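Because the structure is predicted, anything quoted here is derived from the model rather than measured. Hydrogens, waters and symmetry mates play no part in the numbers below; they use all other heavy atoms, side chains included.
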Amino acid sequence: MLRQRTIRKPVHAIGIGVHSGDKVRMTLRPAGENTGISFVRTDVPASAPIRATAENVSDTTLSTSLGIAEVQVATVEHLMSALWGLGVDNLIVELSSEEVPIMDGSAAPFVYLINTVGIVEQRAFKQFIRIKREITVNQGDAVATLSPYQGFKAAYTFVADHPVYNRYPKIAALDFADTSYVDEVSRARSFGLIKELPQAQAINKMLGSSLENAVGIDDFAVMNDGGLRYEDEFVKHKLLDAIGDLYLLGRPILGAFNGYKSGHALNNKLARALLRCEDAWEMVTYQTPSEQVGQPILQPAAVSVS
Ligand SMILES: [Zn+2]
């Protein structure tokens, strides 16, 4: 269970970018041990792969973008969230345009896509980032924290005063030990107030947004046929985003995340702050007795950071 994972064989999807509105073809390909997640723009000749790392985040306006020089890849967070949720460590993501397809606005289509080809274990041990001491970052009154915990748990407080938001839960918490990411988190869709759409479109964002890929909210109600997928879908989507943004640390976290109003910018600030504080974390692997005689079960072994 605690070895690195990739997918069994390549798999394709076609969709549109929620911000650009452009059609995009995405291919997920298996990748070698210790190579992590990387993105390749197939429409930009000879462009270097972009590693999915916190340091490569180039923009956090309404979504998380990665970039090296002029080559950008937007809206990576829902795919990254699905990859952590499924325990995929190594993957190449090829894109024919500048944005990961939005699909239905959640992480569920990526989960489905990966499950259609299956996941394989690799030889190398899976590496985790174990939080050793608390790190907190702020932005205005928004706060994001990582603290030590034997596993991974996350809590989020969504702050918005609106007649529709006020009807639904604004606080959610989950622990990966007893919560199914696939069932409880992955299906939560992006959401927004319809009257804020023109503002976003004025800066060339959300050009592909529709009720097919987001929950739309007017002054009084959820506009989508069928309503919400979860009673707490809004706050659950914020957790889904945070999980995706934090997976840009390159490995899953052993620790507790707590977000109050935090969005993509603050999530990235938290990841960067953690990486800078080298005494606040360590990389660990887990080796079972059959693999290393004499070691206790699940005894973490610190590994050197490359
Ligand atoms: Zn999102």
(message) I'd like to know if the side chain of Thr285 pairs up with that of Gln127 as donor and acceptor (distance under 3.5 Å, no hydrogens or angles considered).
(response) no
(message) Would Val159 and Lys170 count as a side-chain contact (heavy atoms from CB on, under 4.5 Å) here? Give the steps.
(response) CA-CA 7 Å; Val159 180; Lys170 292 183 180 173; over 6 Å; no
(request) Drop me the distance from Thr60's OG1 to His264's NE2, to the nearest 0.5 angstrom. (result) 8.0 Å
(message) For Glu94, is there an ion pair with Arg29 - N to carboxylate O distance below 4.0 angstrom?
(response) yes
(request) Starting at CD of Glu184, measure out to CG of Asp232 and round the result to the nearest 0.5 Å. (result) 8.5 Å
(message) For Phe128, give me all partners under ring pair (Phe, Tyr, Trp, His ring centres under 6.0 Å), at least two apart in sequence or on another chain.
(response) Tyr286
(request) Report yes if the side chains of Leu95 and Val40 come closer than 4.5 Å at any heavy-atom pair, otherwise no. (result) no
(request) Write down the atom of Ser186, the atom of Val111, and the distance for their closest heavy-atom approach. (result) CB-CG2, 4.0 Å
(request) For the residue pair Lys261 and Val143, establish whether any side-chain heavy-atom pair is separated by less than 4.5 Å. (result) no
(request) Run the numbers on Leu79 and Val93 for side-chain contact (heavy atoms from CB on, under 4.5 Å), then give the verdict. (result) CA-CA 10 Å; Leu79 175 60; Val93 183; 3.9 Å; yes
(message) Once rounded to the nearest 0.5 Å, what's the spacing between atom CD1 of Ile68 and atom CG of Asn56?
(response) 4.5 Å
(message) Check for me, please, whether Leu249 and Leu66 land in the same ILVMFWY cluster - side-chain distances under 4.5 Å, paths through other members count.
(response) yes
(message) I'd like to check Ser209 versus His19 (side-chain heavy atoms, cut-off strictly below 4.5 Å). Are they in contact?
(response) no
(message) Taking Phe234 as the starting point, is it possible to reach Tyr260 by hopping between hydrophobic residues whose side chains are less than 4.5 Å apart?
(response) no
(message) Evaluate Phe158 against Ile171 for side-chain contact (heavy atoms from CB on, under 4.5 Å), listing each step before the verdict.
(response) CA-CA 6 Å; Phe158 172 54; Ile171 296 176; over 6 Å; no
(request) Check Arg189 against Asn224 and note the closest heavy-atom contact, atom names and distance. (result) NH1-ND2, 3.9 Å
(request) For Glu121 and Thr6, run side-chain contact (heavy atoms from CB on, under 4.5 Å): C-alpha distance rounded to whole Å, both residues' side-chain angles, the deciding distance at 0.1 Å, then the answer. (result) CA-CA 7 Å; Glu121 285 201 336; Thr6 188; over 6 Å; no
(message) Restricting to non-hydrogen atoms, name the atom on Pro169 and the atom on Glu231 that form the minimum distance, rounded to 0.1 Å.
(response) CD-O, 3.4 Å
(request) Give, for atom CE of Met103 and atom CD of Glu212, the distance between the pair rounded to the nearest 0.5 Å. (result) 12.5 Å
(message) We want to know whether Glu33 and Asn90 form a side-chain donor-acceptor pair, criterion being a heavy-atom distance below 3.5 angstrom.
(response) no
(message) Has Ser47 got a side-chain atom pairing as donor or acceptor with Val44's backbone, closer than 3.5 angstrom?
(response) yes
(message) If I take atom CG from residue Asp104 and atom CG from residue Leu211, how far apart are they, to the nearest 0.5 angstrom?
(response) 12.5 Å
(request) Tell me whether the guanidinium CZ or amine NZ of Lys236 lies under 6.0 angstrom from the six-membered ring centre of Tyr230 and within 45° of its axis. (result) yes
(message) Any non-hydrogen side-chain atom of Asp245 less than 4.5 Å from a side-chain atom of Thr64?
(response) yes
(request) Answer yes if the ring centres of Tyr181 and Trp84 are under 6.0 angstrom apart, and no otherwise. (result) no
(request) Consider only side-chain heavy atoms of I, L, V, M, F, W and Y, link residues closer than 4.5 Å, and tell whether Ile92 and Leu248 are in one cluster. (result) no
(request) Hey, could you give me the CE/CZ distance between Met283 and Arg251, rounded to the nearest 0.5 Å? (result) 3.5 Å
(message) Under a 3.5 Å distance rule, please check whether Thr116 uses its side chain to pair with a backbone N or O of Leu113 as donor and acceptor.
(response) yes
(message) Less than 4.5 Å apart, side chain to side chain, heavy atoms only: is that true for Ser106 and Arg229?
(response) yes
(request) Indicate yes or no: does Lys195 engage Asp219 in a salt bridge with an N to O separation below 4.0 Å. (result) yes
(message) Are Ile102 and Leu207 connected into the same hydrophobic cluster when the rule is that any two of I, L, V, M, F, W, Y join if their side-chain heavy atoms are below 4.5 Å apart?
(response) no
(message) Tell me if the centroids of the rings in Tyr168 and Phe191 come within less than 6.0 Å of each other.
(response) no
(message) Do Phe152 and Asp175 make a side-chain contact, defined as non-hydrogen atoms from C-beta onward lying under 4.5 Å apart?
(response) no
(request) Might you point out which heavy atoms bring Arg8 and Val117 nearest each other, and give the distance in Å? (result) CB-O, 3.1 Å
(message) Is it the case that the side chains of His78 and Asp241 hold a donor-acceptor pair, with the cut-off being a distance below 3.5 Å and no angle test?
(response) yes
(message) Using modelled atom types and a 3.5 Å cut-off, is there a donor and acceptor pairing between side-chain atoms of Ser97 and backbone atoms of Val24?
(response) no
(request) Taking the side chain as every heavy atom from C-beta outward, state whether Leu240 and Tyr156 have any pair of such atoms under 4.5 Å apart. (result) no
(request) Search all heavy atoms of Ala82 against all heavy atoms of Phe110 and return the closest pair with its distance. (result) CB-CB, 3.8 Å
(request) Identify the heavy atoms of Val88 and Ile119 that sit nearest to each other, and give their distance. (result) CG2-CD1, 4.0 Å
(message) Could you check whether Ser58 and Ser65, counting side-chain N and O atoms only, form a donor-acceptor pair closer than 3.5 Å?
(response) no
(message) Looking at Gly67, is its backbone amide N or carbonyl O close enough to the side chain of Glu70 to form a donor-acceptor pair, meaning the two atoms are under 3.5 Å apart?
(response) no
(request) Return yes if some donor-acceptor pair links the side-chain N/O of Arg3 with the main-chain N/O of Arg123 below 3.5 Å, else return no. (result) yes
(request) Please indicate whether Gln150 has more than 12 foreign heavy atoms, meaning atoms of other residues, nucleotides or ligands, lying under 6.0 Å from its CD. (result) no
(message) Less than 4.0 angstrom from a charged side-chain N to a carboxylate O is my criterion; do Lys132 and Asp279 meet it?
(response) no
(request) Taking the side chain as every heavy atom from C-beta outward, state whether Ile114 and Leu83 have any atom pair closer than 4.5 Å. (result) yes
(message) Any side-chain to backbone donor/acceptor pair from Glu77 onto Ala242? Under 3.5 Å, distance only.
(response) no
(message) Would Asp59 and Lys205 count as a salt bridge (charged side-chain N to carboxylate O under 4.0 Å, His left out) here? Give the steps.
(response) CA-CA 12 Å; Asp59 186 26; Lys205 299 277 185 182; 3.3 Å; yes
(message) Taking salt bridge (charged side-chain N to carboxylate O under 4.0 Å, His left out) as the cut-off, I'd like each qualifying pair that reaches into residues 41-51, sequence neighbours left out, listed once.
(response) Arg41-Asp43
(request) Spell out, as yes or no, whether a donor-acceptor pair under 3.5 Å connects the side chain of Arg187 to the backbone of Ala107. (result) no
(message) Looking at Thr27, is its backbone amide N or carbonyl O close enough to the side chain of His12 to form a donor-acceptor pair, meaning the two atoms are under 3.5 Å apart?
(response) no
(request) Determine yes or no for a side-chain-to-main-chain donor-acceptor pair under 3.5 angstrom, with Asn268 supplying the side chain and Ala265 the backbone. (result) no
(message) Given 3.5 Å as the limit, does a donor-acceptor pair link the side chain of Gln122 with the main chain of Ala31, or not?
(response) yes
(request) Determine, using the 4.5 Å side-chain heavy-atom cutoff (strictly less than), whether Tyr149 and Val137 are members of one ILVMFWY cluster. (result) no
